[in-house]
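Report on the structure given below.
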Amino acid sequence: MRMYDLIIKKRDGGVHTPEEIKYIVEGYTNGNIPDYQMSAWLMAVYYKGMTNEETVELTQAMADSGDRLDLSAIEGVKVDKHSTGGVGDKTTFIVAPILAALGVPMAKMSGRGLGHTGGTIDKLESIEGFNVSIPTEEFIDNVNRIKLALVGQTGNLAPADKKIYALRDVTATVDSLPLIASSIMSKKLAAGADVIVLDVKCGSGAFMKTKEAARDLAKTMVDIGNAAGRKTYGVITDMDEPLGCKVGNALEVEESVEVLSIKDVDSALSAKSTINYGIKRLLKVALCLSSYMLMGAGKAKDYDEAYKFCKEVIESGKALDKMAEFVEAQGGNKDYIYNTDMLPKAKYIVPVHFEKEGYISCCRTSEVGMVSLILGGGRTTKESEIDLAVGIDIKKHVGDFVSPDEVFAYIHANSEDVIEEAKKRLLAAYDISEAAFPVEDVIKFVVE
Ligand code: URA
């Protein structure tokens with residue numbers, strides 16, 4: 001087999017055999033195929049696409065390129081979730097304790113990553129003492145004992161994806177559906193869970209800008225998961241504004257605790273409730289993801305029953321207690337969960353107002369993410385230090401009426417120098433219209 005011939009085949013719209021895909025992935029990972037040939041092949045895939053069968057083969061080949069996490073020592077059906085990423089997305093902190101409180105094991109690997117805030121593990125490090133590098137034995141033991149453990153991405157999980165993603169990043173080939181789907185799913189398959197729930201974001205703060213594109217991505221990933229024998233669901237959720245009110249690291253932990261502390265879910269979600277609309281959206285997404293995970297684990301006969309169980313563990317406080325137990329099991333101070341005033345706080349908390357009144361009709365969500373980055377909440381390079389205390393607390397959402405007299409948001413900053421720029425960019429990320437604006441549901445649809 002020659003890479004040159006395989007590039008021609010894909011360039012001309014051909015369909016690869018499983019052997020050809022294995023040859024490409026193994027050859028590139030072990031250095032036998034040079035970057036320039038792999039780049040040409042990736043561009044050919046970008047233009048000509050891949051069949052479902054090719055995408056499944058590519059995913060398996062990437063998942064097989066390194067270690068697979070062995071979760072066989074964990075009792076029960078193991079569940080996992082993955083979000084395609086967005087601004088203010090903190091659902092893991094709500095979903096994981098809900099599932100663990102219901103006795104469903106979750107052995108979670110999460111990343112730090114570059115972006116407008118840190119990753120899941122950075123956010124957890126705003127809790128004093130929390131340790132994300134526990135040894136594998138302790139990780140497995142914690143899952144068996146309290147049903148939940150979370151570690152940073154370790155070892156050699158899907159190294160082919162790591163190398164190919166780095167090349168896609170510099171060759172303008174990230175934005176290809178089969179390449180995105182196989183990249184995400186190769187890591188999920190290698191991470192070993194039996195049930196995978198994918199939160200596929202769509203909108204101005206997501207990879208997929210439209211519902212149709214998000215649905216196609218979800219469908220491809222669900223097909224890959226099911227072909228690999230994992231029960232997989234894809235939930236398409238809105239990212240046309242940040243999820244929840246708070247964007248930051250400690251701020252997102254704080255908001256998750258707020259959701260886990262709700263005592264009556266139905267009234268919190270009712271039209272009459274005075275709970276902020278951002279919290280309602282977050283609660284809805286977290287409950288939907290949890291319910292599919294619980295149903296997938298076989299702990300409920302249908303979605304409605306699963307939803308009821310998930311709701312109950314929030315209302316009884318069991319999910320919040322599970323969060324505290326999880327924090328303590330990984331060396332953290334569990335008092336932070338019961339008293340979020342202990343989390344790192346910014347020096348300056350500055351209100352932001354619009355100059356005119358009207359209805360919020362549009363949010364350029366990635367721009368809100370940029371504000372968090374300007375404040376120091378995220379990383380621009382792997383070496384950057386993140387400020388856990390800073391971020392944004394948005395009080396008004398798409399469809400809401402705003403006026404100069406009402407606070408739209410609070411900027412949490414540790415340096416006076418960045419406040420004016422952050423304010424300006426935050427306001428510029430939104431459009432205001434005179435007419436009322438209809439709001440769509442945060443959950444678009446589900447691919448099963
Ligand atoms: N996230 C991934 O892990 N891979 C992609 O290709 C895109 C998003």
Side-chain angles (χ1 to χ4, degrees), residues 21 24-25 28-29 38-39 41-47 49-50 54-66 68-69 80-87 89 91-92 108-121 152-193 196-210 213-225 228 230 232 234-237 239 365-366 369 378-379 382:
I21 289 184
I24 294 168
V25 172
Y28 185 61
T29 312
M38 191 64 179
S39 306
W41 182 78
L42 288 168
M43 192 55 87
V45 170
Y46 180 92
Y47 279 110
M50 283 185 138
E54 284 178 298
T55 311
V56 168
E57 285 303 331
L58 178 61
T59 311
Q60 288 289 9
M62 293 201 292
D64 284 339
S65 66
R68 283 187 185 245
L69 209 59
D80 197 1
K81 75 169 267 282
H82 178 82
S83 157
T84 57
V87 181
D89 186 7
T91 53
T92 295
K108 185 109 186 91
M109 263 205 179
S110 282
R112 288 190 191 277
L114 306 179
H116 47 271
T117 61
T120 299
I121 59 177
Q153 217 118 27
T154 53
N156 195 25
L157 226 62
D161 171 63
K162 200 167 178 186
K163 198 168 172 195
I164 295 170
Y165 192 86
L167 189 63
R168 286 167 57 208
D169 215 12
V170 293
T171 55
T173 50
V174 167
D175 254 348
S176 147
L177 192 147
L179 297 180
I180 296 174
S182 55
S183 163
I184 292 173
M185 289 305 288
S186 64
K187 288 172 285 210
K188 287 289 118 185
L189 297 187
I196 302 166
V197 174
L198 303 158
D199 181 3
V200 181
K201 304 285 187 194
C202 83
S204 60
F207 255 110
M208 297 290 148
K209 305 293 175 209
T210 65
R215 188 194 44 221
D216 290 347
L217 178 63
K219 196 173 169 336
T220 306
M221 292 198 290
V222 168
D223 286 346
I224 294 171
R230 317 293 173 90
T232 311
V235 182
I236 289 105
T237 66
M239 194 35 75
T365 313
S366 322
R379 286 189 187 84
K382 272 194 237 163

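Residues take their numbers from the sequence shown, with the count starting at 1. Computed from a prediction, not measured in an experiment: that's the story for all the values here. For ligands, and for the atoms within them, numbers begin at 1 and follow the listed sequence.
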Steps toward side chain to side chain contact (heavy atoms under 4.5 Å, CB included) verdict (Leu179, Val174): CA-CA 7 Å; Leu179 297 180; Val174 167; over 6 Å; no
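In terms of protein heavy atoms, atom 1 (N) of ligand 1 is closest to Ile184 CG1, 3.8 Å.
Under a cut-off of 6.0 angstrom, the local environment of OH in Tyr28 is crowded, with over 12 non-hydrogen atoms contributed by other residues, nucleotides or ligands.
For ligand 1, the atoms lying closer than 4.0 Å to a non-hydrogen atom of Phe207 are 7 (C), 8 (C). Per-residue contacts place Ser183 under 4.0 angstrom from the following atoms of ligand 1 (heavy atoms of the residue considered): 2 (C), 3 (O), 4 (N), 5 (C), 6 (O). For ligand 1, the atoms closer than 4.0 angstrom to any heavy atom of Tyr165 are 4 (N), 5 (C), 6 (O), 7 (C). Here is the list of ligand 1 atoms found below 4.0 Å of a heavy atom in Lys187: 2 (C), 3 (O).
For the side chain to side chain contact (heavy atoms under 4.5 Å, CB included) criterion with Met109, the lone passing option out of Leu157, Ile121, Asp80 is Leu157.
Residue contacts with ligand 1 include Ile180, since one of its heavy atoms falls under 4.0 Å from the ligand.
Between Lys201 and Asp199 there is a salt bridge, with a side-chain nitrogen of the basic residue lying less than 4.0 Å from a carboxylate oxygen of the acidic one.
Among all heavy-atom pairs drawn from Phe207 and Thr84, the shortest one is CD1-O, 4.0 Å.
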